[in-house]
There are 2 protein chains.
Amino acid sequence: MAVQHNNSVARAFAILEMFSESRPHLTAGDVARELSLNNVTAHRFLHSLEAAGALVPVSRGTYRLGHLFVDLARRVTSHQALAETAQPVLDWVAETLNESAMASVFEGGSVICLATTKPKRHLFVDLRPGMRLEAHCTSQGKVWLASLDDKALSRALDQMPLVGLTERTITDRALLEREIESVREQGYAINDGEREEGLRTIAVPVVGRDGRMITGLSVYGPASRINNEALEHAHAALTEAARKIVDALYGRSALQA
Amino acid sequence: MAVQHNNSVARAFAILEMFSESRPHLTAGDVARELSLNNVTAHRFLHSLEAAGALVPVSRGTYRLGHLFVDLARRVTSHQALAETAQPVLDWVAETLNESAMASVFEGGSVICLATTKPKRHLFVDLRPGMRLEAHCTSQGKVWLASLDDKALSRALDQMPLVGLTERTITDRALLEREIESVREQGYAINDGEREEGLRTIAVPVVGRDGRMITGLSVYGPASRINNEALEHAHAALTEAARKIVDALYGRSALQA
DNA sequence: AGTATATATTTCTATATTTGAAATAACAGG
DNA sequence: CCTGTTATTTCAAATATAGAAATATATACT
């Protein structure tokens, strides 16, 4: 017989998953109806989740999610936790392509390196976890900017000095906005010597099941090696890497689409 | 007899609460030992939480929290959800003091009004949910800045134009940093005509159980009414309001200190 | 490579917990 | 105040859960 699971745990999480942005409240009637439970059982689960701190009562018989989940979520998204998940996947990318790979988050208008690898090559770029990179002239940065909604993008650009670091840096705001639009359309970004001459990079977003960007993944190396064919291979590898990371973060949950 | 709770739900959440920033991983041995469970039972709970998407396996017998919690947390911290929790408490503050009150979040270096009230007065300031306010010259903003660690504060100030809006606006960075230091020490911030002449406001942070600031609360009105005695009353009311909001967000969980 | 130890998994069954019917209580709307 | 709906409580039947025992796997040591 298959491993014995605890049905109550499964039910509890099925109830939690019923909440959504468009459904901030749940009643026992909702739960009973949608999970095919007896009304008494539904009430009992809601009370149990409340006692556990997972739900808080809004009014009699109506609940919403408790702040406990914010605390738990922070333990999921710490840089260390994300880096730990990303590292083996980056190693796989680096080994597959024999180039460097990197994972990032986006904070305060900057790209922060979470994790990175080194290829078995003599010529490479030295990036380390914790390093901050400009957003406007990196492939990672463009991917992060592309993930913002229009208002947030406009605000981010308002505060972003478009400093020219090489002759290829995009320093004109309208041009950058068009570049971001292209990134949105094609789903990846390329940096061709915009931050560092002779360096070429491609980045893709890792998007969670709720549609939000969790981390960015990129491959980078000297332009002499990273030709267009190499970029295509890198894009394919990074897309697969993104899937692997999402699977690693969420696990093989039964609730997965 | 007291209401019957589901013991499995309680145990599941007790396991989830074992995770922390310093403890990103758990084994069945940890769970069995610390929750006084049989080893088989501990294994079974971990497997059940994994199947529910709450945990993901790191290696054989070792787990970490799943990204599901990030998705759930976002449903908790949407502006609408926070505003809904804050509104009745703001109403209580406004009624108690007969002045306006407001709740905020901090995004992209700005204070965003989440919810607000109007006192039964003719002379008042028109603030509405969604409005963005400068951080450097508002009491809410100073409280948010004070909640940042030194690095994050420095970075935020790097990008913050210290525009003089009145003669009292602090436009000197060193002075502002000293002001923020004072806010950290005293636990509240005051704005005395720095953003709008003749307007006085006091703000306090609402801090979650993990030590992070969730929302800011403030009381505001014309300086002719908001004298020092009124500020003291406001501070007391806002401090109690902060507690009420934390309780409302987390609920009366058994895990509460 | 072999052995010992520790941990993980599987199986099975006793029983403690959970479920849900029925009764009662509380609430909302007319 | 009455009625209908939802929430809560009680209690006994049902069953899911817990944990002992056996087995499997992994790791560390020699």
Side-chain angles (χ1 to χ4, degrees), chain A residues 1-19 23-66 88 248 251-255, chain B residues 1-19 23-66 84 88 248 251-254:
Chain A
M1 161 242 268
V3 67
Q4 175 192 326
H5 283 147
N6 188 306
N7 197 43
S8 295
V9 171
R11 277 177 165 174
F13 275 86
I15 293 171
L16 295 174
E17 287 276 348
M18 286 174 69
F19 288 93
R23 181 184 232 171
H25 298 154
L26 275 188
T27 66
D30 296 330
V31 172
R33 185 166 51 251
E34 291 172 41
L35 300 186
S36 299
L37 294 178
N38 182 277
N39 206 274
V40 179
T41 303
H43 273 286
R44 196 173 282 123
F45 267 99
L46 289 173
H47 280 295
S48 299
L49 285 164
E50 179 191 354
L55 298 182
V56 292
V58 171
S59 58
R60 186 170 173 270
T62 303
Y63 295 85
R64 62 177 172 75
L65 291 168
R252 50 178 185 79
S253 163
L255 299 164
Chain B
M1 165 239 275
V3 67
Q4 176 194 332
H5 284 146
N6 188 304
N7 197 45
S8 295
V9 171
R11 277 177 165 175
F13 276 87
I15 292 170
L16 294 175
E17 287 278 343
M18 287 174 68
F19 288 93
R23 179 184 233 171
H25 298 153
L26 275 187
T27 66
D30 296 328
V31 172
R33 185 166 52 249
E34 291 172 41
L35 300 187
S36 299
L37 293 178
N38 180 277
N39 205 273
V40 179
T41 305
H43 271 287
R44 193 173 286 122
F45 268 99
L46 290 172
H47 278 296
S48 299
L49 285 164
E50 178 191 355
L55 298 183
V56 292
V58 171
S59 57
R60 186 168 172 272
T62 304
Y63 296 85
R64 61 174 173 76
L65 291 169
E84 184 190 90
R252 48 178 188 79
S253 164

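A note on names: the letters A, B, ... follow the listed sequences, proteins ahead of strands, and every chain is numbered from 1.
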Whole-Å distance between C/dT19 P and A/L35 CG?
12 Å
Please name the pair of heavy atoms, one in A/A54 and one in A/L16, separated by the smallest distance, quoted to 0.1 Å.
CB-CD2, 4.3 Å
Whole angstroms only, please: what is the CG-C1' distance between A/N6 and C/dT9?
17 Å
Output the rounded distance in Å from CZ (B/F45) to C1' (C/dA8).
18 Å
Nearest of D/dG19, D/dA7, C/dT19 to any side-chain atom of A/R60?
D/dA7
Give the rounded distance in Å between these two atoms: CG of A/N7 and P of C/dT19.
8 Å
Write down the atom of A/V9, the atom of B/A12, and the distance for their closest heavy-atom approach.
CG2-CB, 3.9 Å
Spatial distance of atom NE2 (B/H25) from atom CG (B/L55) [nearest 0.5 Å]:
11.5 Å
Nearest to the side chain of B/S8 - C/dA8, D/dT8, C/dT18?
C/dT18
To the nearest Å, give me how far apart CG (A/L37) and C1' (D/dT15) are.
15 Å
Taking the side chain of A/V40 as heavy atoms from C-beta outward, which of C/dT18, C/dA22, D/dT17 is closest to it?
C/dA22
Provide, to the nearest angstrom, the distance between the NE2 atom belonging to B/H47 and the P atom belonging to C/dA8.
9 Å
What's the closest nucleotide to the A/H43 side chain, out of D/dA26, C/dC27, D/dT8?
D/dT8
Non-hydrogen atoms of A/R64 and A/F19 that approach each other most closely:
CA-CE2, 3.5 Å
Whole-Å distance separating the NE2 atom of A/H5 from the C1' atom of D/dT15:
18 Å
State, yes or no, whether a side-chain contact exists between B/R11 and A/N6 at a heavy-atom distance under 4.5 Å.
no
A/Q4 CD to D/dA16 P: how many Å, rounded?
10 Å
When B/R11 and A/Y63 are each assigned the nearest nucleotide of DNA chain D, the 5'-most assignment goes to A/Y63
Checking contacts here: which listed nucleotide (C/dA21, D/dT17, D/dG19) is nearest the side-chain heavy atoms of A/N38?
C/dA21
B/R44 has a side chain; which of C/dT9, D/dA18, C/dT19 sits nearest to it?
D/dA18
